Amino acid sequence: MTTFVNLTLGGLSSGAVYAALGLSLVIIYRATRVVNFAQPALALISSYLAYSVTKGTGSYWLGFVVAIVAGTLLGVIVERLIIRPLRHAGELSAIIATLGLLLLLQAVAGMIWSNEPHAFSYAFDFRGRFSPSDLFAVLAVIVAATGVLLLFKFTPLGLRLRATAFNPEVAKLLGVRVGVMLTVGWGLAAGVGSLAGLLATPPFIFPTVLDEVFVYALTAAVLGGLDNPLGTIVGGLVLGIGLSYVSGLLGPELVPLAALAILVAVLAVRPSGLFGRATARRV
Amino acid sequence: MTTRLPPLVLHLLAALACLVLLVLLTLVTDPFTNLRIATVGYYLIAVAGLALLTGFNGQVSLGHGAFMFIGAYTVALLVKRVPAFPIWVDLLLAVVAGGLAGLLAGAAAARLHGPYLAGATLALAVGLPAVAQRFPDLFAGSNGLSFTVNSQPAGLVGVVPATRWQAWIVWLAVLLALVVLVNLARGRLGRTLRAVRDDEVAASLAGVHVGRTKILAFLISSACGGLAGGLQAFLLGTAAPGSFTPALSLSLLAALVLGGLGSLWGALWGAIALVYFQVWTDDFAELLSLRSDIADNLPLALYGVVLIVIVLAFPAGIQGGVRKLWVRVRRPAPSQRGEK
C-alpha cells in the first residue's frame, strides 16, 4: 500500500513536469500548427544558464529567474528568425527546421558546458516521500498552468491570442496584430517550457537530459489532443502516475516502451488524442 | 529513355556497373576508406527506404533507427545462435524482421498525420533500444552483442583484405535492394505513393486504398532499415543499443532532407554527407586543434545549421541543385554515373 502511495506521489511530480512541457508544445501548436521539436533544447539552454548563474552567484532563485526570462527570449527569437519565414512552407518543413534547431542547440550546449554531466541543484530538499521539491514542482506547474489558462480566457491579450490561433485571416481583418501574437505565443510557451526544464533537469544536467522527458511531454500533449491545454495537463498527470507504476512494478527500463504503448493504444482509437477536437479531416 | 530494354534489366545492368566501379574503387583505397565506403552503403539503403516513406508517401518518421536496431540484432542473434546460416540468409532475415516490424508500425501509424505520426515514431526510437536493457540475457544489455562473421570464402582469405571483402558484400546487398526499390518507385507503386501524399481524397476517389498504401510504404522502408541495420552489424561485428539513439533516427531524416526529399538520388548524397560530414569535421577539428567539447559536438551543430538553412533556402536539397545543373548540361543519355 505504501509503495502504491509512494509511486502515485512520485508520478504526480514527474507528471506535472510532463504537463508543463506538454503545455508549452500545445500553446505553440494552437497558434502556429507547428510542433516545436526544439522545445527541449530551448529548455536545456535556459537550464544551463540557470546552472551557470547559480554556480556564479550562489543563488538558486536568481538562476531560476534568469532561466525563465532567457527561455522566453529564446522562444521569441526562434519564432522571428526561423518559424516566421516558414509560415507557408508546409508541415514537414517546420518539423525539420525545429529538429535542426534541436541538434544545433544541443551541440552548442555541449560545446559551451561540455557533454559531461554537471550537478544541478533542486529548489528545495529532495529527500523522502513527496519531498518539498516534489511539492514545489507540482505547485509551480499548477500556478503556471492556471496563469496561462486565465491569460487565455480572461484578458484582452488572451482573446487576441485565441483569435489568432482560431483564424489568423479573420483576426487580422479585425485589427489583431497577428505577427506580434505569434511571437508572444512562442515566448510564452518557451517560458513555460523553461520552467519544465528547471524542474526536470536535476540532479544532473547534460545535453541530452531532456530527450526522454520531451518524449513523455509529447505523449502527454498528444494524449490530451495537441490543441487542448487542459487535456494536456490532465494527460501529463495521468501519464506521470501511469509511468511511475510501470517503473515501480515492472522495471524502469520499460518506461519508454510503456509510453509508446499508451501512445499507440490511444491514437489507434482516437487519432487526434483523447480530448482533441474531432477536426473534419479529409479522407 | 530511348532503349528498348525493360527497366528491370536496365537497372540490373546499372547496378552491375556500379558494383564494378565500387570494386575498382576499393582496390585502390586503404582499408580505412573501404570501411567508410561500406558505411555509405548501408546508410544509403536506410535513407533510400526513408525517402520512399517520407519523400514519396509524405509520412514523417523520426524513428527509422528503430528498424536498423531490429535488423542489427537479428543478424547478431542469428550469427551467435545459428552459426550454420550463411550471412546472406541472416541478412535476408534481417530484412524480413525489419519489414514485419514496419508492418506493425505502419498499421498503427496509417491513421496518423504529421505531428502525431512524428511523435509516435519518435517514441519508437526512444523506446525500442530499451528492450535490449530489459532482456540482458538475450541481448547482453547496454554492452550489446559482439561476434565475428566468417563470410569470406576459404580461397579468398588472405588474398582480399577483410574490410575490402565486407565493403563488396555490403554494396552487393545495397545495390540489389536499390534495384528493387527503384523499380517499385518508378512504377505503379511510386505513382500511388505520391498520389496519396499529394491528396488522399483524390487518391481514394481514383481507387487507391489509402490505408493499405501507407502500410505498404512503411513495410518497404522498414525492410530497407532492417537491411541497413543488418549490414551495419555485419560490418562492425557488434549490435549495441548505444548505436541506435534517437539521434541516429534524426540524422537519417537529416540526410534525406539534405540530399533532397523527392528522389532516390537524394539518398545517395545524404548518405555520403552523413559519413563524410563526420570525417571532415574531425579533420577540421584536428587541424585547428579544437577542444574535444567543441570537436565532438561540431558535426551535430553543423547538421542542425544545414537542416535549418536547407529548409529555409534550398528546399530541394542537393539533388535539386544537381538536377538544375543536369538540365543545364543536358545530355541525351540517361544519367548513369558511378558513385563516389
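Just so you know, these numbers come straight off a predicted model, no measurement behind them. Throughout, a chain's letter reflects where its sequence line sits, starting with A, and its residues are numbered from 1.
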Run the numbers on W113(A) and D293(B) for side-chain contact (heavy atoms from CB on, under 4.5 Å), then give the verdict.
CA-CA 8 Å; W113(A) 288 283; D293(B) 290 342; over 6 Å; no

Contacting region of [X] [heavy-atom separation from chain B under 4.5 Å]:
X       : answer
Y216(A) : neither
L250(A) : backbone
I96(A)  : both
L218(A) : side chain
L263(A) : side chain
A259(A) : neither

Working to the nearest 0.5 Å, report the span between [atom1] of [X] and [atom2] of [Y].
X       : Y       : atom1 : atom2 : value
L92(A)  : R197(B) : CG    : CZ    : 10.5 Å
L128(B) : L257(A) : CG    : CG    : 6.5 Å
L226(A) : Y116(B) : CG    : OH    : 4.0 Å
Q106(A) : Y303(B) : CD    : OH    : 15.5 Å
I82(A)  : I308(B) : CD1   : CD1   : 4.0 Å
L62(B)  : I95(A)  : CG    : CD1   : 6.5 Å

Less than 4.5 Å apart, side chain to side chain, heavy atoms only: is that true for D296(B) and M111(A)?
no

Just wondering, do L122(B) and F37(A) contact through their side chains at under 4.5 Å, heavy atoms?
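With C-beta onward as the side chain, the pair touches.
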
Closest-packed option against chain A by number of heavy-atom pairs under 4.5 Å, given I310(B), V311(B), N297(B)
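Heavy-atom pair counts peak at N297(B).
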
Do you know which of L253(B), L124(B), L261(B) has the most heavy-atom pairs with chain A at a distance under 4.5 angstrom?
L124(B)

Considering non-hydrogen atoms only, spot the tightest contact between A120(B) and L267(A) and give its length.
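What the structure gives for the nearest pair is CB-CD1, 4.5 Å.
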
Indicate the atoms forming the closest heavy-atom contact of P256(A) with G127(B), along with that distance.
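Of all heavy-atom pairs spanning P256(A) and G127(B), the closest is CB-CA, 3.6 Å.
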
Picking from [options], which has the most non-hydrogen pairs under 4.5 angstrom with chain B?
options                            : answer
N115(A), V34(A), V35(A), V264(A)   : N115(A)
T219(A), V255(A), L105(A), L99(A)  : L99(A)
V108(A), D211(A), V215(A), L102(A) : V215(A)

Answer with side chain, backbone, both or neither: which region of V126(B) has an atom nearer than 4.5 Å to a non-hydrogen atom of chain A?
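For V126(B), the contact with chain A is made by backbone and side chain together.
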
Could you tell me whether R84(A) atom CZ has more than 12 heavy atoms of other residues or ligands within 6.0 Å of it?
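Atom CZ in R84(A) is packed in, count exceeds 12.
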
Return yes when atom CZ of F314(B) has more than 12 non-hydrogen atoms of other residues, nucleotides or ligands closer than 6.0 Å, and no otherwise.
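Counting other residues, nucleotides and ligands, CZ of F314(B) stays at 12 neighbours or fewer.
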
